[in-house]
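For reference, the structure is listed below as structure tokens.
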Amino acid sequence: MSPVLLFLVTLLVSLLVVRGLRLYARTVWRWHTLSKNIPGPPAFPIIGAALTVAKHPDKLFRQMQWLWTTYGSTIRLWLGPYLYVILTEPDDVEVFCTSAALADKPHQYASMLAPVLGRGLITINNPQHRAHRKVISTSMHLDILKGFVNVFGCRSQELVGKLRRHAERGEVFNMSPYLGFCVNHSLCETVLSTDMAGVEKDRDELIRVADQASWIMFFRLFRPWYWSNRLFALLSSRYKVYASVVHGMQSFVHKVFNIKMELIRKGVRPEAKRLAFLDHVLASDARTVLTEEEIKEELRTLIWAGSTTTTDSLGFFFIAMSMLPDVQSKIHEELDSVFGEDRTRPVDFDDLPHLQYLERCIKEGLRMFPPVCCFARAVSEDVTLPSGHVLPKDTVAVTVPYAVHRDQKWFPDPEKFDPDRFLPENCTGRHPFTYIPFSAGSRNCVGQRYAMMSMKAMTASVLRHFTVLPDPDGPTGLHDIPITIGLSMVPTHGARVLLVPRRTTTDRTAGA
Ligand code: HEM
């Protein structure tokens, strides 16, 4: 290159860099000015307050609790060069969930979560999101979900068989891996295919590593220096696991999808009673809206979205039950009134409406331990919140259900497990955005009904057979359960409990 050309190129690059820096400085200055009244931890140049939150996941939860007890219901948090505003006032949360200026996810969802979760509903933005959401929610229709309850019931019976071995040995053990397997097995069967012949190994391997992947994704979110995929690959020892999970999930979904397409080509249709979500999608208009690649991405999303969230909710639920004998015995009474002493019949769809108390307990569990600990939105224009604070354009708004659900005003004595908070008469007049385990608005959880049905079927199946007792060496109360934060909130030591088989009248007579 001639010296003159080199000079011109250097000059041009320098001008562009200076212009970029000036633009950035102007934007940051604007963010500073608009958010100066919002309290938050001190921030340093370049890294912001990253060191305040870049903690080990076991310590991160306490750190987040410290944030909202110290700074209140609106918090300013600088992470690297970005400004995050955390909101927990229900009126602000309503704007967060419903404002068109907050309908999209920030870019970190696409760059860090999409490789694992898939470029599906959770990570894509409008107008693509709107089109996909229409198709996916149609295929999550109640009539379709009804058919899944039998799968939940049967997988739960298998779960009970595995748990029985520990119960018979009279030992405290960690239920979480068994719950995870049951949840993931049910998800694969209902979302992808009832017939997993030939791909069981891939499925089981995926289930094994699912937790690690969710942990790694969250680990990155709080470390701006790992946001670039290249730097993450170069600098972090965790990249290898991450890359193998991404690859494993993609190839598993591709394999199942290809098997289905091959069967369709051969004119083989699964029995109507054994249709999975994918069968419904392939038989619907969805194929005209979504390409094959898009369908595969949505399948990955559904499986990931349902996996740790449901498993961890169940984990917290059973720990809570082990500490609340009175609540548990009310559930037992309800189960006995529905199933009698028959312990062999799997739970089916018609049983679910009769399990009202159980449902309230699940809802209260989700209030106290909402597994999605926070979610975020990109702010596409300045938004003035009802609390008076301004969300500046191009920043990120975040809400934290765990904190929202502990508002004394709407949930008096919030650390008390009280299922009757969800009696219809006690919900009247409650601010609708003060209970958001499944989020709310246009980006709420599309699997909410699926999740409630599967959790009801699984908890009913386990509690029909067992009484859950606490680990004598474990936490002393619900406030004391150690929590680790990954993509979802996890009980740090898993759901460690002791199970005691419930005896039927026949057992008692035989034993007498
Ligand atoms: C207890 C279980 C579950 C909880 C607590 C939960 C919670 C949530 C939350 C809070 C969101 C919003 C996330 C955000 O805005 O970033 C969400 C979104 C989503 N969930 Fe769930 N979820 C659960 C189970 C499921 C299940 C079983 C499925 C699928 C079978 C599922 C599929 C999805 C999808 C696809 C989205 C993205 C929706 C969209 O943006 O249009 N979830 N979930």
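FYI, side chains are in, hydrogens and waters are out, and symmetry mates aren't considered; it's all heavy atoms of this structure. First listed ligand is number 1; within each ligand, the first listed atom is number 1.
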Scanning both residues in full, the closest heavy-atom pair of Val347 with Ala457 reads CG2-O, 3.9 Å

Validate the cation-pi geometry between Arg430 and Phe422: distance from NZ or CZ to the six-membered ring centre under 6.0 Å, angle to the ring axis within 45°. yes

The option among Met140, Lys105, Arg449 carrying the non-hydrogen atom nearest to atom 30 (C) of ligand 1 is Met140

Other residues, nucleotides and ligands only: do more than 12 of their heavy atoms fall within 6.0 Å of CZ on Arg119? no

[X] versus [Y]: any side-chain heavy-atom pair under 4.5 Å?
X	Y	result
Phe232	Ile216	yes
Phe277	Phe148	yes
Leu187	Tyr450	yes

What is the number of protein N, O or S atoms that sit under 2.8 Å away from atom 21 (Fe) of ligand 1? 1

Considering both backbone and side-chain atoms of Tyr109, is one of its nitrogen or oxygen atoms within less than 3.5 Å of a nitrogen or oxygen in ligand 1? yes

Per-atom contacts, ligand 1 versus [X] - under 4.0 Å to a heavy atom:
X	answer
Tyr450	27 (C)
His129	39 (C), 40 (O), 41 (O)
Pro371	5 (C)
Phe375	10 (C), 14 (C), 15 (O), 16 (O)

Quick one: look up the protein heavy atom nearest [atom] and list residue, atom name and how far away it is.
atom	result
atom 10 (C) of ligand 1	Pro437 O, 3.3 Å
atom 15 (O) of ligand 1	Arg377 NH1, 3.1 Å
atom 1 (C) of ligand 1	Ser313 OG, 3.3 Å

Is it true that Lys260 and Asp279 have a side-chain N and a carboxylate O under 4.0 angstrom from each other? yes

What about the rings of [X] and [Y], do their centers lie closer together than 6.0 Å?
X	Y	value
Tyr84	Trp31	no
Trp410	Phe433	no
Tyr82	His107	yes

Side-chain donor-acceptor distances from residues 390-402 under 3.5 Å, at least two apart:
| residue | atom | partner | partner atom | Å |
| --- | --- | --- | --- | --- |
| Thr395 | OG1 | Pro392 | O | 2.5 |
| Thr399 | OG1 | Leu87 | O | 2.8 |
| Tyr402 | OH | Arg406 | NH2 | 3.4 |

Ligand 1 versus Asn444, non-hydrogen atoms closer than 4.0 Å: side chain, backbone, both, neither? backbone

